[in-house]
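Comments concern the structure below.
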Amino acid sequence: MLANLRRIILSTTIYFIWRARNKKVFANETISIEDIISRIKAVINAKFSNIKMSSTIYNVVLNISGLLFLAAVFFICWAWPLVVFFIAVSSLLRPSIYTALFSAPQSTQLSSPPLNLHNSLLRPSKMRCSSPPIVCENYSRRLDNSPTIYWFNSEKSLSFLATKEILLMSLLTRNIFTFACERKTSSSLKTSYKFARCERIDTGSSDEGEKSKGRRIELLEKAKLSISAYDTAWVAMVPCKESKEKPLFPKCLEWIMENQEADGSWSPYPHHPLLFKDYLSSTLACVITLHKWNLGRPLIKKGLKFIKANCWAAIEERQLPPIGFDFTFPHMIECAVANGLDLPVHHEVFDVLLQKRAIEIKRCELEGTKAHLIYILEGHENKYNWEEISKYQRNNGSFCNSPSATAAALFYNHDERCYGYLTSLLHDYDNAVPTVYPLKIYNQLCGVENLQKLGMDDRHKAHIDNVLDNIYGLWKQKDEEIYLDVRCCALGFRLLRLNGYDVSSDVLAQFSEEEHFFNSVSLQFKSIDTILELFKASKLMICENEHILEKIEAWTGSFLKQQLLSCAIKDFKLREEVDHALRYHFDNLDFVEMRWEIQQHKANNVQLLKTSYSLNNDNRDLLAQKIQEYNMCQAVYQKEYKDLERWIKICKFDELKFARVKLHFSYFLNTATLIGPELADARLSFTKNCILATVIDDFFDIAGSKEELENLVQLIESWGETSSIGCISEQVMIIFSALVDMIKELDCIAFKHHGRSIEHHMVKIWQELVKSMMKEAEWTRENIKPSLNEYMEHGCISLALGPLCHITTYFLGITLPEEIMAGQQICNLLKHVNLVGRLLNDMMSFKREREQGKYNSVSLRILHSEESMTEEEAIEAIKKEIEIYRKQLLRMVVQKENSLLPKSLRDYFWKTSKMMHYVYKDNDGYSNIKNEMENDAKKLLWEPISLS
């Protein structure tokens, strides 16, 4: 009876505390404490309706509940009294308050067994926050002196939150609601501790994960551009057809009146230091619009003040000009003056602007590109000849997908198609417009590329495939939005080809000649961004005779290099992107590239057409999640690295004085390619095989005698039957023992993945490797000059990509039958990676190997040509072969048809090829590690990324 009384009292009191806390009834002066206490009495009266008790007990219970509630009020205001109060109550209700609090009636149905009160210590490292809890049916408790806030497992949980000084206590009753105690903090700190539902990381997807996934899907499907004040102003200028005294789009006018910044401009704040020409243009357009409709005089005054303070930027060469600025800005000044607006622009500035406009007009007339000024119709001095310009109108009714150009055309010619375009645009964007519309396909392609660059595409593969399928359908229909936008066309070609879609380079034929490109495309596509996109697309040659891509690569690469050397690219971020694209073709590692992309995404991604714009999606959450994942991977790598250091000591490689034990280098290479935490076994396989292959290679090249080499080869060829052979030296024993242990270990791991032993296949790969190494050792020892074909046959195997690459494919999380894992398709991929790697190695090491009395593909070409071929010619021939093999490899990787191998497995061979390019980019990076590689390895393994 007493236990039930205590449970009812506390549950009812806590319920009203919770309601007061969440509904803030204490802040509402219309609800008195007496009213709330009367509600508590009513609830208790209902609870006691079936219980017979004396009036004395009933009054005592009501009084206690009132006292409890008053104590809760004091606690909520001053934090500490309730702690003392509960201690007092616990002493009064002895001997078994905890029994009363934590024992539920037998009729209570728990969704899951309650956690043990004393053993359920939930650690912060295993928790993550998402949304607030509501009801508790499980409890867990921890008393700790740590300053950490501990969040509790609570799909339906009840807990007090505790910091260093606050008692942490969990209650479980039949119907208790959650409430939290907040420490009172100073207003300067503005700190609050909020409810959060917390789950273990290893349980399914959380609400936070679902929201994050939704944001990424929105990034692909519903991405919108930022609002353009400049274009909105031009749309707002358009008068009604029936009355020139009324605006046709009054909502745009309302937006202008509501969105002036504090400094008087209509531009995003804080201001970019190089975009003041853009800010002047947007502000002047808005001022002219308000003056035209005789509205917002205070706004006009503030706008003119901003123009006066910043008119210097209009002729400042270091400022980035919006496209057509030299036409549109002086034209707007003339319009403003003609309409009686007193502009605070110095005559010297205006004269310079007029001179620049005259030069631009003359240049366009000489080049015959006057028609391409359709993009900046609003910057023309005279009214338009509708018959002349209407042939440039697109199917959607716009001119160059530009709202401002379309509004300028509608200003003088009330065309229904122009009106329909602007109306549909405002339907999507409410009361303002972007600087270009539509741009849905391009935005989707950018979203896909961003997810791929950040390494987040695997978890959304189905959705990305769906987006690309839709775009490919539009590609085959020659959709106007793709084919009339150079950037969209180039980016679409690149992403579709990389993802296995059959797209021909013929679509880029119109851009293959530099002169024709600059004389034919519209103004908005003559930017560095567009040419950079064409350059990237040109690198995806998968056939031997793709002359269109070869021509594009030649002129775009030359143009971009020239722009860098002449410092013509003023935007620092864009300059970095161009330099990065020119330096890295197929020679960068995924994790290194990912880190660079994260750093680029941290900067504001603003692009410039007639005005600056960016995607409206807030990618900060996406970026923060990726940085967290990156740093988490880094912590995993550090632990794996330490385990491998112990393995090296166990193997006694330090006793082999001749051996290059390149743990740091080999582990860096494979972690930069095999990124995910789930690929730990693949990283283990690659690193151990790489270290062991390097040790054995040094043994064959430097330390091993002929007898020792023969002994080691015999041991490996007689795998499983070596007891009668034995090791003739300590060096052979160390190497062979390490090899046996590694293969046994990897076989056990592989059995868990595939349900079968792969020992036989691994041994076969190693047998082929040591036989090729033995053959090369014989050539060196006996000064034999092999034929080029014989050398390449053994040289491709002795590169050791069989153990490094082929064996590692068993640990990529892909289960395939043995006949496929050792079949022709996977061997063809490996063959081409071997050819690329071997030729790259030979090209960078032939001088050193020639001094050692060794032959490789460079020296053998010269030798067998009877000295008629020079070193430069031999190297040039090898470069062409590398290009051929690289194209063939990429074709096998991207093509979907007739492939038995999953895309992720084929991609691994392409990544290994990129690794080879990275290692041998400037020299033999494996033998002589470059500073750049050392820096990359240091960053990847030891330097976390911060969001700031």
Side-chain angles (χ1 to χ4, degrees), residues 226-269 271 275-311 313-314 322 324-325 327-345 349-350 353 376-380 402-412 422-423 425-426 429-435 610-613:
S226 55
I227 295 300
S228 166
Y230 173 84
D231 289 84
T232 302
W234 277 101
V235 174
M237 286 187 207
V238 180
C240 284
K241 182 179 180 180
E242 298 78 13
S243 172
K244 300 296 183 182
E245 304 301 321
K246 295 180 180 179
L248 182 60
F249 302 104
K251 287 188 176 181
C252 292
L253 198 56
E254 292 176 11
W255 184 92
I256 292 172
M257 296 184 68
E258 295 171 356
N259 285 274
Q260 188 180 39
E261 297 291 339
D263 62 355
S265 70
W266 276 267
S267 52
Y269 194 85
H271 297 320
L275 293 179
F276 274 85
K277 285 186 178 181
D278 171 34
Y279 305 151
L280 283 174
S281 181
S282 298
T283 302
L284 179 56
C286 291
V287 167
I288 292 173
T289 302
L290 292 175
H291 179 75
K292 173 180 173 59
W293 301 114
N294 196 24
L295 293 171
R297 292 191 178 277
L299 303 180
I300 295 174
K301 185 177 180 180
K302 287 178 65 178
L304 293 175
K305 185 177 180 181
F306 176 84
I307 293 172
K308 180 179 180 181
N310 297 282
C311 65
F325 179 83
F327 290 93
T328 58
F329 194 69
H331 176 64
M332 285 192 294
I333 293 176
E334 291 173 336
C335 290
V337 173
N339 285 279
L341 189 60
D342 186 16
L343 286 180
V345 177
V349 173
F350 188 51
L353 290 171
I376 50 171
L377 274 176
E378 71 275 17
H380 287 202
S402 169
S404 53
T406 308
L410 186 61
F411 192 95
Y412 294 108
L422 294 174
T423 302
L425 171 54
L426 287 169
Y429 279 81
D430 295 331
N431 54 355
V433 299
T435 192
K610 288 184 185 179
T611 183
S612 56
Y613 72 94

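Predicted model, so just to flag it, every value in this text is computed and none were measured.
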Donor-acceptor contacts under 3.5 Å from residues 275-286 side chains, at least two apart:
residue	atom	partner	partner atom	Å
Lys277	NZ	Glu316	O	3.3
Asp278	OD1	Thr611	OG1	2.6
Asp278	OD2	Thr611	OG1	3.4
Asp278	OD2	Ser612	N	3.2
Asp278	OD2	Ser612	OG	2.6
Tyr279	OH	His272	N	2.8
Ser282	OG	Asp278	O	3.2
Thr283	OG1	Trp266	N	3.2
Thr283	OG1	Tyr279	O	2.7

If you look at every heavy atom in [X] and [Y], which pair is closest and at what distance?
X      : Y      : result
Ile227 : Thr232 : CG2-OG1, 4.0 Å
Gln260 : Gly303 : NE2-N, 3.4 Å
Thr289 : Ala233 : OG1-O, 3.0 Å
Leu422 : Pro403 : CD2-O, 3.9 Å

Gap between atom [atom2] of [Y] and atom [atom1] of [X] - 0.5 Å precision:
X      : Y      : atom1 : atom2 : answer
Thr406 : Glu378 : OG1   : CD    : 9.5 Å
Ile307 : Lys302 : CD1   : NZ    : 13.5 Å
Met332 : Phe329 : CE    : CZ    : 6.0 Å
Ile333 : Leu353 : CD1   : CG    : 5.5 Å

Pairing residues for [X] by the side-chain hydrogen bond (donor to acceptor under 3.5 Å, both in side chains) criterion, not counting sequence neighbours:
X      : value
Asp263 : Ser265, His271
Ser228 : Asp231
Ser402 : Ser404, Lys610

Please set out all donor-acceptor pairs under 3.5 angstrom arising from side-chain atoms of residues 245-255, sequence neighbours excluded.
none

For this session: Check whether any side-chain N or O of Ser226 sits under 3.5 Å from a backbone N or O of Tyr613 as a donor-acceptor pair, and report yes or no.
Result: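 Absent.
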For residues [X] and [Y], determine if any side-chain heavy atom of one lies less than 4.5 Å from a side-chain heavy atom of the other.
X      : Y      : value
Tyr230 : Thr328 : yes
Ile376 : Phe325 : no
Glu334 : His331 : yes

Can you list, pair by pair, the side-chain donor-acceptor contacts under 3.5 Å of residues 291-301, counting residues two or more places apart and other chains?
residue	atom	partner	partner atom	Å
His291	NE2	Asn339	O	2.8
Trp293	NE1	Ala236	O	2.9
Asn294	OD1	Arg297	NH2	2.9

